[in-house]
Amino acid sequence: MPELPEVETVRRGLMPALVGRRLADVAAHRPDLRFPLPDGFAARLRGRRVEDIGRRAKYLLLGLDGNLTLLVHLGMSGRFQVASGNGPLCLHDHVCFVTDDGWSVRFNDPRRFGYMDLIATDRLSGHPMLAGLGPEPLGEDFTGAYLGARLSGRGMALKASLMDQRTVAGMGNIYASESLYRARLSPLRASGSLGAAGVKRLVGAIRSVLVEAIEAGGSTLRNHQRPTGELGCFQHSFAVYDRAGEPCPDCRCDVARTGGIQRAVVAGRATFHCPKRQR
DNA sequence: AACAAGACCTGCATGC
DNA sequence: TGCATGCAGGTCTTGT
């Protein structure tokens, strides 16, 4: 499911329910998500106070008192739901938190590609899932100079490089396609073939697409929703994603002649682009 | 080292 | 209606 804008939306939705609250109860209803939960998972969380909720790439980082961080990845289908009181479990409610003021926060993940781990906060940056990540696309380290150097000399398809979390942290299939469209760059071209102008356009496009998507509350395709149940609405702004055969919104090409937006497969993932506009 | 493909797991849309 | 098939927003692991 979630790429950076969806995870950021979830983070913002969890803050009012959790930050400053103590976890009166924590229950794991199965021993594993994608990987086994760490030993004593629920017991180690119980009674802790949530000090802040951060995000790195697509990971949520719940900072707890006593030097502990709960690291959460939503996988493809993970979501949190916040409710008052503690109602009956729904199918795939795998981990349940109850705060000291009586709210319940539940992690539901049908596909179970999600992931949770506990790590000492002062060793967070060394966590194996975080250690190799590239810069945050909305941070100041993500510059044209950085991206140009990173892509230089690589033959891999440009979109595959963008989805490599070591290149830039948090891009996924949707926003990689949308950013490349906005930068007028083909997802199929070699990563190292960009000039400085192309790299600069790409950095700007990635930033603007992500900022707009966050403002829209992310994209809801199947099951992304905010912890409050509201849906994201950036999917209505997609220029190319999942729009094969439709006209590209900018060049308005004659679909009967050009075929409109094309679907291709890059690094095993569906990829959408306008061959006329994106070179 | 770079890259592709397979694996993980469930739900849903599609077509027969 | 029921069944088989393919596909899905991610990423770790294995193999070339």
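Below, read A as the first sequence line, B as the second, and so on, with proteins coming before strands; counting in each chain starts at 1.
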Nucleic acid footprint by protein, nucleotides 5-12 of chain B - heavy-atom cut-off 4.0 Å, B for base, S for sugar-phosphate alone:
---BBBS-
Side-chain polar contacts of residues 129-140 of chain A - donor-acceptor pairs under 3.5 angstrom, sequence neighbours left out - could you list them?
residue	atom	partner	partner atom	Å
Glu136(A)	OE1	Arg55(A)	NH1	2.9
Glu136(A)	OE1	Arg55(A)	NH2	3.2
Glu136(A)	OE2	Arg56(A)	NH1	3.0
Glu136(A)	OE2	Ala57(A)	N	2.5

Side-chain donor-acceptor pairs under 3.5 Å in residues 151-160 of chain A, sequence neighbours left out?
residue	atom	partner	partner atom	Å
Lys159(A)	NZ	Asn173(A)	OD1	2.6
Lys159(A)	NZ	Thr271(A)	OG1	2.9

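Distances shorter than 4.0 Å separate none of the side-chain N or O atoms of Tyr115(A) from OP1 or OP2 on dG10(C). Phosphate proximity of dT11(C) to Gln165(A): present, with a side-chain N or O under 4.0 Å from OP1 or OP2. When the side-chain nitrogen and oxygen atoms of Lys58(A) are compared with OP1 and OP2 of dT11(C), one or more of them lie within a distance under 4.0 Å.
Among the protein residues, Phe234(A) comes within range of no part of the nucleic acid, since none of its heavy atoms lies under 4.0 Å from any strand. Within 4.0 Å (heavy atoms only), Arg166(A) reaches no atom of the nucleic acid at all.
Across every non-hydrogen atom of Thr9(A) and Gly218(A), the tightest pair is OG1-N, 3.7 Å.
The distance between atom CG of Leu162(A) and atom P of dG9(C), rounded to the nearest whole Å, is 16 Å. Rounded to an integer number of Å, the gap from CD1 of Ile174(A) to P of dC7(C) is 18 Å. Nucleotide dT11(C) holds its C1' atom 8 Å from the CE atom of Met129(A), rounded to whole Å. Rounded to whole angstrom, the span from the CG atom of Leu60(A) across to the P atom of dG10(C) amounts to 15 Å. Atom CG of Leu188(A) and atom P of dA4(B) are 12 Å apart (whole Å). Residue Asp242(A) contributes atom CG, which lies 11 Å from atom P of dT14(B) at whole-angstrom precision. What separates OH of Tyr175(A) from C1' of dG9(C) is a distance of 9 Å, to the nearest Å.
For the side-chain contact (heavy atoms from CB on, under 4.5 Å) criterion with Val82(A), the lone passing option out of Thr228(A), Thr99(A), Val105(A) is Val105(A).
In DNA chain B, runs of at least 3 consecutive Watson-Crick or G-U pairs, each pair with both distances below 3.5 Å, span B:2-8 with C:10-16, B:10-16 with C:2-8.
Counting non-hydrogen atoms of other residues, nucleotides and ligands closer than 6.0 Å to CG of Asp39(A) gives a total of 12 or fewer. Residue Arg30(A) qualifies as enclosed at atom CZ: its count of foreign heavy atoms under 6.0 Å is above 12.
The side chain of Met76(A) sits closest to dG9(C) out of dC7(C), dG9(C), dC12(C).
Listed by first and then second residue, the side chain to side chain donor-acceptor pair (under 3.5 Å) pairs involving residues 198-209 of chain A are Arg182(A)-Ser208(A) (not counting sequence neighbours).
Taking the six-membered ring where tryptophan is involved, the planes of Tyr115(A) and Tyr59(A) are perpendicular, since the angle between them exceeds 60° and thus also 30°.
Looking at Arg22(A) and Asp65(A), a side-chain N of the basic residue comes within less than 4.0 Å of a carboxylate O on the acidic one, giving a salt bridge.
Residues from residues 149-159 of chain A lying near DNA chain C, meaning a heavy-atom separation below 4.0 Å, are absent.
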